[in-house]
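Shown next, in structure tokens, is the structure this report addresses.
Indexing begins at 1, ligand by ligand and atom by atom, following the structure's order. What you are looking at is a predicted structure, and each value in this text was computed from that prediction instead of being measured.
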Amino acid sequence: MLYGGSEVNQKLVLGHPSGLFVMFFTEMWERFSYYGMRALLVLFLVTSVIDNGWGWERGEALVLYGWYTGLVYLTPMLGGFVADKFLGFKKAVVLGAFLMTLGHASMALEVFSNVFFFMGLGLIILGNGFFKPNIASIVGQLYTKVPEKRDAGFTIFYMGVNAGAFLGILLCGYIGEKVGWHYGFSLAGIFMFFGMLQFYFAQGIFGKIGEFNKDIEDVDDAVEDAIDEVKEDVEEVIEKISKSKVVKDRLVVIGIFTFFTIFFWWAFEQAGGSMTVFAKDYTNRVLEGGGALTFKVFNTILTVVPMMIITWVLSLLFRQTFSKYALSNILLGTSFVIVWGFVIWMLIREFSNEVTEVPASWFSILNSFYIIVFAPFFSKIWESKYNPTGPVKFAIGLILLGIGFAVLSFGSMNIPLNAKSASVSMVFLVLAYFFHTMGELCVSPVGTSYVSKLAPIKFLGLMFGVWYFSSFIANLMAGITGSYLDPIVESYGMSFFFMIFTIIPCVAGLTMLVLNKTIIKLMHGIR
Ligand code: GLN
């Protein structure tokens with residue numbers, strides 16, 4: 001069998017094993033809940049008590065936000081380790097999903113006591129640790145015999161990540177803000193629950209993949225086969241080198257990728273902080289007459305097109321797996337019917353309103369939108385003869401991110417020193433998010449794919465934990481750097497502030513280019 005897993009998994013959807021799409025939708029619902037809740041978190045904390053929030057200071061809320069978004073990426077080390085040693089990936093994913101469902105439920109009970117809120121955050125942080133590294137490990141193992149398709153597979157999987165982020169921010173954000181915080185939190189939990197059940201009832205599709213002990217030797221054999229093939233190609237080189245040196249060198253490469261990723265997320269994650277402040281206070285978001293109508297139409301397309309794409313992917317999965325995994329498919333279908341209901345309700349409600357001001361949070365949805373639209377295109381390039389090496393992809397990604405910030409820096413050039421607000425055109429943010437997303441597609445799914453190629457199977461989960469550790473540091477530092485926005489703008493200006501995020505990622509990207517050949521050598525045949 002070409003791909004790992006069961007017979008059904010050999011049936012293809014968009015040229016990839018059907019199991020990839022079970023992962024796609026599981027991850028989609030998990031990210032829906034994660035990003036949906038995240039979109040509400042700060043808003044809820046800073047909203048006054050009269051409006052059912054907690055009335056926190058902005059600074060306090062951002063500190064909690066920084067720690068929360070950091071810590072969810074610290075626990076994957078623990079979750080990865082436990083899966084490697086005791087649980088296996090599949091059980092760890094189910095456990096993680098269960099803990100996160102409890103976490104969201106707990107947050108929705110916040111009305112009764114603040115304790116429920118913090119308990120909820122804790123459960124989500126813990127649950128994410130079991131879920132996130134191990135779901136990626138399962139994806140990687142689908143491709144042990146077809147390594148050339150792995151980057152593309154991870155890119156499709158990443159589309160699932162962002163489909164979830166997109167819908168989560170859109171719906172939980174909308175319902176939380178306009179209907180009630182608890183409804184928003186509950187919605188996040190409900191879909192996490194659906195995602196868990198959908199995975200639970202379809203996990204047979206992965207066969208022995210992701211099970212503890214029973215299969216580890218089979219998978220090891222497959223990995224050994226793959227390594228042997230590569231060895232033949234580069235025999236003269238490999239024969240000089242002992243196997244342990246190969247393993248060690250590859251771990252060094254994971255370390256290098258992880259290190260450079262810190263620079264990427266550190267700048268990228270300004271999205272939720274300083275870029276949102278820029279959208280809120282320095283961007284002209286007021287649209288009148290024709291402009292307002294154009295926005296409504298654009299916003300409708302922006303919502304409906306991704307929904308249609310994802311629903312189409314869903315139908316392709318059903319066609320291949322319904323006969324064997326009907327229950328899982330029905331649960332997934334039900335969750336889609338509910339989401340379509342919400343989307344249509346929201347759009348009708350918005351059309352009947354006279355919208356003249358684009359919400360500041362709206363811009364962050366562009367990121368996920370671009371990913372859903374462009375991920376298939378990138379996945380095709382990675383499968384073609386134009387596929388660049390891993391380090392070159394990283395370099396391109398970092399430089400594109402830098403270009404995005406250069407656009408913002410250019411757009412803010414006329415903002416006077418110390419200005420507390422301005423009226424810059426929305427075009428700059430729309431463009432900046434475009435470049436950021438193109439960069440993200442070169443770094444994030446590619447990096448995950450490389451971890452799964454380079455790490456020895458015995459501690460694959462742990463290595464994913466190490467990979468996500470970069471996000472822990474980056475998210476925390478992103479929050480801290482962003483908190484210096486005001487003093488920097490006072491002394492040097494907004495344009496200078498964004499220029500920092502142009503220079504550092506570009507320097508990191510160029511360094512990666514210089515390191516390209518060395519890294520390729522250290523990977524010992526892995527491409
Ligand atoms: N945006 C991606 C996700 O949510 C990657 C995040 C990360 O690695 N820091 O999965």
Side-chain angles (χ1 to χ4, degrees), residues 23-39 65-66 68-77 79-80 93 96-97 100 124-125 127-140 154-169 188 192 195 254 257-273 364-372 374-375 378 394 397-398 401 433 436-452 463-479 505:
M23 302 278 90
F24 177 105
F25 288 111
T26 308
E27 178 70 342
M28 178 176 130
W29 289 133
E30 187 274 325
R31 290 285 97 181
F32 177 100
S33 68
Y34 174 75
Y35 282 105
M37 192 283 274
R38 197 180 111 155
Y65 177 84
Y68 170 69
T69 54
L71 284 176
V72 286
Y73 289 109
L74 183 64
T75 46
M77 287 230 256
V93 164
M100 286 190 282
I124 297 171
I125 288 170
N128 196 59
F130 283 101
F131 187 94
K132 194 85 171 138
N134 298 316
I135 195 166
S137 297
I138 299 176
V139 173
F154 269 100
T155 304
I156 293 177
F157 179 69
Y158 207 65
M159 196 174 151
V161 166
N162 283 279
F166 177 80
L167 291 172
I169 298 170
M192 182 69 257
I254 294 183
F257 281 148
T258 304
F259 178 72
F260 279 86
T261 313
I262 295 178
F263 296 100
F264 186 87
W265 293 122
W266 163 73
F268 184 93
E269 286 291 327
Q270 292 309 311
S364 62
I365 292 174
L366 286 175
N367 171 230
S368 317
F369 171 75
Y370 289 137
I371 291 210
I372 299 166
F374 289 103
F378 274 75
F394 260 66
L398 281 157
L401 178 68
Y433 272 111
H436 287 188
T437 310
M438 297 303 105
E440 183 184 0
L441 279 168
C442 295
V443 170
S444 189
V446 173
T448 337
S449 172
Y450 270 93
V451 174
S452 82
M463 290 325 288
F464 268 113
V466 171
W467 165 252
Y468 285 119
F469 184 72
S470 63
S471 296
F472 164 62
I473 299 180
N475 286 3
L476 204 59
M477 286 195 346

4.0 Å heavy-atom contact, Lys132 with ligand 1
yes
**Prompt:** Aromatic ring centroids of Phe472 and Phe469 under 6.0 Å?
**Reply:** yes
Ligand 1 to Tyr468, heavy atom cutoff 4.0 Å, flagged ligand atoms 8 (O)
If you scan protein heavy atoms around atom 5 (C) of ligand 1, the nearest is Tyr158 OH, 3.5 Å
Atom 4 (O) of ligand 1 sits nearest the protein heavy atom Tyr35 OH, 2.6 Å
One finds that the ligand 1 atoms under 4.0 Å from a non-hydrogen atom of Arg31 are 3 (C), 4 (O), 10 (O)
Aromatic Tyr34 / basic Arg31 pairing, under 6.0 angstrom, 45° off normal: yes
side-chain contact (heavy atoms from CB on, under 4.5 Å) test vs Phe131 passes for just one of Val93, Val72, Thr75, Ile124, namely Val93
For the residue pair Phe259 and Phe263, categorise the inter-ring angle as parallel (less than 30°), tilted (30 to 60°) or perpendicular (more than 60°). perpendicular
Of all protein heavy atoms, the one nearest atom 9 (N) of ligand 1 is Ser471 OG, 2.7 Å
Nearest heavy-atom approach of Phe268 to Glu440 is CZ-OE1, 3.1 Å
Checklist entry - Does Tyr73 reach ligand 1, in the sense of a heavy atom lying below 4.0 Å from it? => result yes
Closest non-hydrogen atoms of Pro133 and Gly79, given as atom of the first, atom of the second and distance, are CG-C, 4.5 Å
